Amino acid sequence: MKELVKDADVFVQGYRPGSTARYGLGLQNLLEMAGKTGKGIVYVEENCYGPDGSFHDRPGWQQVADAASGCAYVTGRSLGHEDGTCVLPALPAPDMMTGLVGAIGAMMAIRDRARNGGSYHVFSSLLAAAAFPLQPEIGLYSPGVVQKCNERFEWDAVNPALFVLELLDVVLRGWKRVFPEYFAADSPWITTLTGPWGNFQLLEPVLRLADSSASP
């Protein structure tokens, strides 16, 4: 691994802060390696709780971040639970946002390295991604909008025992009842992906690479 890292431009790791240092792959380790080669490196860290704070060294994944940020509580309230019952959001948005922030940060760091030289440290956390939609700058839908949405899609009953994929299935069934044409075999919004586990129906990609063979 260390031999591979010597020639790397970007190093991405998703362990708890300090965990990779035990194997000689921590931030300071790679900065020292980069200093010896005269080539800066972009060190990207992605974890649950961020780089500091009382929980920063604890493990966690998206569902933990949903609970710790308050997203699960807000979702439970939107589904009619008034007693504090929490329900996980159906879409793994924090997972995707954390990876997206890390990728954008890495690209910005590569740009700055090309202009100014040096090494760069990028940090992205699940908790920050989960809490971001709750900020006043974005805000929640009004109770009236939430009620209208619930009445229109007639979601099946949900509870804290359901996992993300089970919750997503509830959402998809609600969408299919209201927008059946979007899920038809000839729908321009749906594509079939064939893989080692069988065929999966997915939403068509919003963007594609110019090389169709390299684009999913």
Side-chain angles (χ1 to χ4, degrees), residues 12-19 43-109 120-179 202-203 205-207:
V12 183
Q13 63 97 350
Y15 294 93
R16 291 176 294 163
S19 297
Y43 193 93
V44 182
E45 292 189 69
E46 298 177 353
N47 74 358
C48 185
Y49 291 105
D52 50 32
S54 57
F55 283 8
H56 81 282
D57 58 349
R58 295 190 180 190
W61 51 95
Q62 185 224 306
Q63 291 80 9
V64 174
D66 285 334
S69 66
C71 279
Y73 170 78
V74 169
T75 302
R77 285 291 299 270
S78 73
L79 295 171
H81 295 287
E82 301 290 343
D83 59 353
T85 296
C86 297
V87 177
L88 292 173
L91 301 176
D95 266 346
M96 295 181 283
M97 287 177 61
T98 301
L100 185 61
V101 169
I104 293 174
M107 290 189 291
M108 294 174 65
Y120 296 83
H121 183 199
V122 177
F123 214 112
S124 182
S125 81
L126 289 164
L127 184 59
F132 183 68
L134 305 180
Q135 300 302 310
E137 291 81 2
I138 298 179
L140 302 175
Y141 288 116
S142 68
V145 170
V146 173
Q147 181 178 355
K148 184 178 179 180
C149 183
N150 291 341
E151 292 173 351
R152 183 179 190 187
F153 292 100
E154 298 179 339
W155 311 118
D156 297 334
V158 297
N159 60 67
L162 296 183
F163 185 59
V164 173
L165 292 179
E166 296 171 311
L167 293 164
L168 180 57
D169 189 51
V170 171
V171 172
L172 291 175
R173 288 199 298 268
W175 287 351
K176 285 181 180 179
R177 283 192 290 267
V178 178
F179 305 115
L202 307 172
L203 290 174
V206 177
L207 298 173

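No hydrogens, no waters, no symmetry mates; every other heavy atom, side chains included, goes into these values. Small disclaimer: the values here were computed from a predicted structure and weren't measured.
Rounded to the nearest 0.5 angstrom, Leu79 CG and Cys149 SG are separated by 9.5 Å. Cys48 contributes atom SG, which lies 13.0 Å from atom NE2 of His56 (distance to the nearest 0.5 angstrom).
When all heavy atoms of Gln63 and Leu88 are compared, the closest pair comes out as CG-CD1, 3.5 Å. In plain terms, the two heavy atoms of Val122 and Ala109 that are nearest each other are CG2-CB, 4.3 Å.
The salt bridge (Lys or Arg N to Asp or Glu O under 4.0 Å) analysis of residues 43-55, with sequence neighbours excluded, yields no pairs. Listed by first and then second residue, the salt bridge (Lys or Arg N to Asp or Glu O under 4.0 Å) pairs that reach into residues 122-147 come to none, sequence neighbours excluded. Here side chain to side chain donor-acceptor pair (under 3.5 Å) pairs that include residues 123-135, with residues two or more places apart or in two chains, number zero. Sorted pairs that involve residues 142-151 and meet salt bridge (Lys or Arg N to Asp or Glu O under 4.0 Å), not counting sequence neighbours, are lacking altogether. Within the structure, every pair that satisfies the side chain to side chain donor-acceptor pair (under 3.5 Å) test and touches residues 83-98, not counting sequence neighbours, is listed here: Asp83-Thr85. Legend: salt bridge (Lys or Arg N to Asp or Glu O under 4.0 Å) pairs involving residues 54-81, not counting sequence neighbours, sorted by first then second residue: Arg77-Glu82.
With sequence neighbours excluded, the residues that form a side chain to side chain contact (heavy atoms under 4.5 Å, CB included) with Ser69 are Cys71, Leu127, Ala130, Ala131. Under the ring-ring contact (aromatic ring centres under 6.0 Å, His included) criterion, Tyr49 pairs with Phe55, not counting sequence neighbours. With sequence neighbours left out, the side chain to side chain contact (heavy atoms under 4.5 Å, CB included) criterion links Met107 to Ile104. With sequence neighbours left out, Trp175 forms a side chain to side chain donor-acceptor pair (under 3.5 Å) with no residue at all. With sequence neighbours excluded, the residues forming a side chain to side chain contact (heavy atoms under 4.5 Å, CB included) with Tyr15 are Gln13, Ser19, Thr20, listed by chain and number.
Within a 6.0 Å radius of CE in Met96, more than 12 heavy atoms belonging to other residues, nucleotides or ligands are found. Atom CZ of Phe179 has more than 12 neighbouring heavy atoms from other residues, nucleotides or ligands inside a 6.0 Å radius.
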Throw together a table of side-chain donor-acceptor distances under 3.5 angstrom for residues 156-173, partners on residues two or more places apart or in other chains.
| from | atom 1 | to | atom 2 | distance (Å) |
| --- | --- | --- | --- | --- |
| Asp156 | OD2 | Arg173 | NE | 2.8 |
| Asp156 | OD2 | Arg173 | NH2 | 2.8 |
| Asn159 | OD1 | Ala161 | N | 2.8 |
| Glu166 | OE1 | Phe163 | N | 2.6 |
| Asp169 | OD2 | Arg173 | NH1 | 2.2 |

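A distance-only check finds a donor-acceptor pair linking the side chain of Arg177 to the backbone of Phe153 [under 3.5 Å].
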